[in-house]
J.: 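Would you mind keeping the following structure in view while I ask a few things?
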Amino acid sequence: MSRLPQEIIVDILTYLPAKSLIRFKCVCRSWRSLISDPQFAKLHLKRAYEDENMNRQRLLVATDPLYSVDFEAASDGDNGNTLVKLPYPNAESHNDFFAVGLFLGSCDGIVCILNEVDNVVLWNPSTRESKKLPGPSSSLHKDFSTGLGYDSSTDDYKMVIASSATATGSDQIMVEVFTLKTNTWRTVQGSLSGITLGGRYEGVFWNGALLWLGKQESGAAHDLDVIVPFDIEEEKFMEAVPLPNHFYTAFLSISGNCLCVFGRLQPSGSYFEAWLASEYGVKTSWKRLFAVPVDKLYLDCYSTEMWLTKKGEVLVGCPGKLTLYHPVEDARKLLEVENDGDPFYDSAIYTESLVSLC
């Protein structure tokens with residue numbers, strides 16, 4: 001390898017998983033320096049996002065013990081690599097630091113956590129690096145929408161907390177923004193005329209914006225279901241975009257480079273739909289992937305999250321269980337996750353990365 005040009009070595013290493021690269025830091029000083037370089041971490045992350053053959057997405061579930069789930073491996077029948085037990089971040093006893101809490105956002109392999117004693121923590125599950133944040137002025141036990149995003153203009157990560165319109169009683173939305181480089185929170189004012197954010201909700205980061213679900217007054221029998229974007233660089237709300245249908249409940253997620261919307265059409269019975277968009281804000285970009293009866297997915301009112309695998313299977317997160325469902329083959333697979341804690345555990349998607357919190 002030493003005879004290869006440096007750029008070839010770098011290119012080869014970007015194909016390797018984060019776990020292997022962390023071990024390879026021990027090979028020699030030059031490799032340690034290379035793999036620890038923030039620019040290499042960006043190249044490694046870029047490869048993960050752009051190469052469709054890569055499998056770097058994982059599901060983090062706040063069980064006790066903590067687990068990382070490779071749902072693509074589960075989809076392929078690779079049961080031996082589906083579940084990986086993780087240590088709790090930065091504590092000999094997880095009850096002192098993490099406990100089983102809530103996920104407030106995820107971006108580029110960094111997950112934001114709220115534990116049971118109200119500590120807000122940034123954590124990279126791949127590198128095991130963590131950082132406790134100073135507390136925001138907002139109470140995160142109220143109806144606030146949260147999310148984590150990346151500002152490319154400043155090369156910085158931002159944690160965002162937005163109050164719902166119903167919480168403030170007006171169109172003015174109080175938004176708190178934490179920037180990693182300054183390690184401080186500050187407040188910005190936003191306005192959402194006639195729009196109410198969907199209460200306590202973890203937004204998804206896509207194409208430079210945090211996306212939340214909301215309701216827009218329409219004058220019709222029911223309010224309009226919309227996606228409410230918050231521009232991370234400009235730190236302001238953008239124009240809301242209607243969902244492709246009126247849903248009783250809905251979930252947002254990212255599949256590859258596309259935005260997914262999973263929606264239930266009625267409170268009971270009826271059908272469940274999945275839609276895909278490759279361009280945000282373009283109405284004609286919505287494509288319906290499938291519609292299946294709700295009972296096929298074993299959905300209930302406590303269902304928390306949904307994701308789409310490369311094979312088109314749906315991973316459904318419900319209290320105490322994870323289920324993979326194939327809408328074409330009408331087949332399902334239950335993923336058994338050990339859990340000695342609260343059965344109503346939270347979950348979040350993250351991408352394995354070397355991104356540092358320093």
Side-chain angles (χ1 to χ4, degrees), residues 11 14-21 43-61 67-84 86 103 106-111 125-126 202 204-207 211 244 250-263 272-280 285-292 296-299 303-318 321-337 347-355:
D11 187 65
T14 59
Y15 283 94
L16 300 179
K19 183 178 180 180
S20 298
L21 291 169
L43 290 174
H44 183 259
L45 185 66
K46 185 173 183 288
R47 176 80 70 187
Y49 286 146
E50 295 181 353
D51 193 329
E52 295 182 356
N53 295 318
M54 288 290 178
N55 175 24
R56 301 269 175 83
Q57 277 200 326
R58 301 291 184 268
L59 175 67
L60 188 64
V61 288
Y67 273 97
S68 175
V69 182
D70 185 343
F71 48 87
E72 296 293 352
S75 178
D76 292 335
D78 185 3
N79 297 330
N81 292 312
T82 295
L83 299 176
V84 176
L86 297 177
F103 296 117
S106 175
C107 178
D108 292 351
I110 302 173
V111 182
S126 302
E202 174 196 336
V204 299
F205 181 69
W206 189 57
N207 289 353
L211 307 181
F251 308 94
L252 291 178
S253 70
I254 305 299
S255 177
N257 294 318
C258 295
L259 177 68
C260 288
V261 175
F262 301 97
F272 183 87
E273 294 183 342
W275 294 76
L276 199 68
S278 58
E279 296 180 65
Y280 181 76
S285 71
W286 288 110
K287 176 185 177 182
R288 193 173 76 165
L289 299 179
F290 59 81
V292 297
K296 295 286 186 181
L297 294 171
Y298 292 114
L299 284 172
S303 298
T304 56
E305 303 280 0
M306 310 193 79
W307 302 272
L308 194 67
T309 71
K310 293 179 181 179
K311 288 186 175 180
E313 292 176 298
V314 182
L315 179 64
V316 183
C318 295
K321 63 183 179 182
L322 296 170
T323 304
L324 271 175
Y325 175 74
H326 200 299
V328 176
E329 300 177 0
D330 190 25
R332 65 181 57 83
K333 178 181 180 181
L334 182 66
L335 304 183
E336 299 286 351
V337 180
S347 53
I349 288 285
Y350 73 97
T351 301
E352 290 190 330
S353 79
L354 297 171
V355 174

J.: If I compare all heavy atoms of Pro125 with all of Gly109, which pair ends up nearest, and what's the gap?
T.: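 Scanning both residues completely, I find the closest heavy atoms to be CD-O, 3.3 Å.
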
J.: Arg56 and Ala48: which non-hydrogen atoms are nearest, and at how many Å?
T.: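 Shortest heavy-atom contact: NH1-CB, 3.6 Å.
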
J.: So, taking the atom named CG in Asn207 and the one named CG in Leu259, what distance separates them when rounded to the nearest 0.5 Å?
T.: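 One gets 9.0 Å once the value is rounded to the nearest 0.5 Å.
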
J.: Is there a donor-acceptor contact under 3.5 Å linking the side chains of Asp330 and Tyr325?
T.: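 A donor-acceptor contact under 3.5 Å links the two side chains.
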
J.: Measure the spacing between CD1 of Ile110 and OG of Ser126 and express it to the nearest 0.5 Å.
T.: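 These two atoms lie 10.5 Å from each other.
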
J.: Can any side-chain N or O of Ser106 pair as donor or acceptor with the backbone N or O of Ile349 at less than 3.5 Å?
T.: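 Side chain of Ser106 to backbone of Ile349, a donor-acceptor pair under 3.5 Å: yes, one is there.
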
J.: Going by the side chain to side chain contact (heavy atoms under 4.5 Å, CB included) test, name the single residue among Ile254, Val314, Leu315 that passes it with Leu308.
T.: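 Only one option passes, and that is Val314.
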
J.: Distance check, rounded to the nearest 0.5 Å: Phe290 atom CZ versus His326 atom NE2?
T.: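 With rounding to 0.5 Å, CZ (Phe290) is 10.0 Å from NE2 (His326).
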
J.: Decide side chain to side chain contact (heavy atoms under 4.5 Å, CB included) for Asp76 and Lys311; before the verdict, give the C-alpha distance in whole Å, the side-chain angles of both, and the deciding distance to 0.1 Å.
T.: CA-CA 9 Å; Asp76 292 335; Lys311 288 186 175 180; 3.0 Å; yes

J.: State, to 0.1 Å, how close Asp70 and Asn81 come at their nearest heavy-atom pair, and which atoms those are.
T.: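 Residues Asp70 and Asn81, closest heavy atoms: CB-O, 3.6 Å.
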
J.: Please round to the nearest 0.5 Å and tell me the distance separating atom CG of Leu252 and atom CD of Glu202.
T.: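 Answer for the CG-CD pair, Leu252 versus Glu202, is 10.5 Å.
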
J.: How far apart are the C-alpha atoms of Arg47 and Asp11, what are their side-chain angles, what is the distance that settles it, and do they pass the side chain to side chain contact (heavy atoms under 4.5 Å, CB included) test?
T.: CA-CA 9 Å; Arg47 176 80 70 187; Asp11 187 65; 2.3 Å; yes

J.: So that I can tick it off, tell me whether Arg58 and Glu352 are bridged by a salt bridge, with the cut-off set at under 4.0 angstrom between side-chain N and carboxylate O.
T.: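 Yes, this pair counts.
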
J.: Which atoms form the tightest heavy-atom contact between Gly312 and Pro327, and what is the distance?
T.: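 Between these two residues, the closest heavy atoms are O-CD, 3.4 Å.
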
J.: If only side-chain N and O atoms count, and only distance matters, is there a donor-acceptor pair under 3.5 Å linking Ser68 with Tyr350?
T.: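 Checked: Tyr350/Ser68 side chains pair up, N/O donor to acceptor below 3.5 Å.
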
J.: Check Asn53 against Lys310 and note the closest heavy-atom contact, atom names and distance.
T.: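 So the two residues come closest at C-NZ, 3.9 Å.
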
J.: What distance do Asp78 atom CG and Glu72 atom CD have between them, rounded to the nearest 0.5 Å?
T.: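 With rounding to 0.5 Å, CG (Asp78) is 11.5 Å from CD (Glu72).
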
J.: Please report the closest heavy-atom contact between Tyr49 and Asp108, naming both atoms and the distance.
T.: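 What the structure gives for the nearest pair is OH-OD1, 2.7 Å.
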
J.: Just say parallel, tilted or perpendicular for the rings of Trp275 and Trp286, cut-offs at 30° and 60°.
T.: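 Ring orientation, 0 to 90° scale: perpendicular.
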
J.: Say you draw a straight line from CG of Leu276 to CG of Leu289; how long is it, rounded to the nearest 0.5 Å?
T.: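 Reported to 0.5 Å precision, the distance equals 5.0 Å.
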
J.: Within the side chain of Trp206, is there an N or O that forms a donor-acceptor pair under 3.5 Å with the backbone of Ser253?
T.: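 Answer holds: no.
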
